[in-house]
Amino acid sequence: MAHGPSYKVAKRRRREGKTNYHKRYKLVRNKHVILVIRKTNKYVLAQFVYPTPVGDYTLVSAHSKELVKLFGWKAGTKNTPAAYLVGLLAGLRASKLGIKEAVPDIGLHRPVKGSKIFAVIKGVIDSGVKVPVDQEMLPSDDRLRGVTIAEYAKMLSEKDPEKFNRQFSALLKAGFDPRNIVEHFEQVKNYILNVYSAIPEDKNAETIINLLTSGNR
């Protein structure tokens, strides 16, 4: 550990590993819109944020709770299909404001191949917003659509009904059969796409976004 009269104690968030100030300085200097992705034990959140030296401004966001309240999603708020839909929803909202590209910020989450974090990024990309990412890190189409969940649920219901009822108890209690998640995913995805295809782009917001990202703030 460094010591001596010239030693300077690092800032608290740097010591805790929460903020890399060198990376943050580069983000502020480059004037990119940031795609912030966070997940908890229950939910997934995506935000488009514009960083400034005095703080960040959230331009649009989407939360997996909104899938339930606004679009009738019944298949859970923390799985991979829900993460994809959160990214799609956030991306569509961002595109209506004229946001065309964003740099991902996954915080302290580990960049695991095929994880929910990359499911969110895939959803944003499918909405039309460019995000720099290695294509190999994105989940497969089957995982995004819930095929793996449906197949596992079907196998479990046939071989061990007791475990099936226990493992999917929350969904079954809510009246949703996890074996139908693929059809439900397609319904909710099409619903989201139809809703936002009918909303016009905000030209004033697009002008402001262009001014900010071009450095004229």
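Given the structure is predicted, the values throughout are model-derived calculations rather than measurements.
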Residue pair [X] / [Y], side-chain heavy-atom distance below 4.5 Å:
X: L156; Y: K163; result: yes
X: Y196; Y: L89; result: yes
X: L88; Y: K189; result: yes
X: Y152; Y: F168; result: yes
X: V133; Y: I125; result: yes

What side-chain donor-acceptor pairs closer than 3.5 Å can you find for residues 178-185, not counting sequence neighbours?
{"residue": "R179", "atom": "NE", "partner": "D177", "partner atom": "OD1", "Å": "3.0"}
{"residue": "R179", "atom": "NE", "partner": "D177", "partner atom": "OD2", "Å": "3.2"}
{"residue": "R179", "atom": "NH1", "partner": "S157", "partner atom": "OG", "Å": "3.2"}
{"residue": "R179", "atom": "NH2", "partner": "D177", "partner atom": "OD2", "Å": "2.9"}
{"residue": "H184", "atom": "NE2", "partner": "K74", "partner atom": "N", "Å": "2.9"}

Next on the checklist: So which atom in A90 and which in V60 form the shortest heavy-atom distance, rounded to 0.1 Å?
Outcome noted: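 Minimum heavy-atom separation between A90 and V60: O-CG2, 4.1 Å.
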Item to check | Distance-minimising heavy-atom pair for N79 and A82 | outcome: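 Looking at all heavy atoms of both residues, the shortest contact is OD1-N, 2.9 Å.
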Item to check | Flag if over 12 foreign heavy atoms under 6.0 Å of OH, Y191 | outcome: no
Once you round to the nearest 0.5 Å, how far does [atom1] of [X] lie from [atom2] of [Y]?
X: R145; Y: D142; atom1: CZ; atom2: CG; value: 6.5 Å
X: I209; Y: N204; atom1: CD1; atom2: CG; value: 12.0 Å
X: I117; Y: R38; atom1: CD1; atom2: CZ; value: 8.0 Å
X: R143; Y: I149; atom1: CZ; atom2: CD1; value: 8.5 Å

Shared hydrophobic cluster for [X] and [Y] (ILVMFWY, side-chain gaps under 4.5 Å):
X: L85; Y: I199; answer: yes
X: Y84; Y: I192; answer: yes
X: I121; Y: L45; answer: no

Checklist entry - Which other residues end up in the same hydrophobic cluster as Y57, if Ile, Leu, Val, Met, Phe, Trp and Tyr are linked when side-chain heavy atoms come under 4.5 Å apart? => result V54
Next on the checklist: On the six-membered ring of Y43, is K65 placed so that its NZ or CZ lies under 6.0 angstrom from the centre and within 45° of the ring axis?
Outcome noted: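 Judged by the rule, K65 and Y43 form a cation-pi pair.
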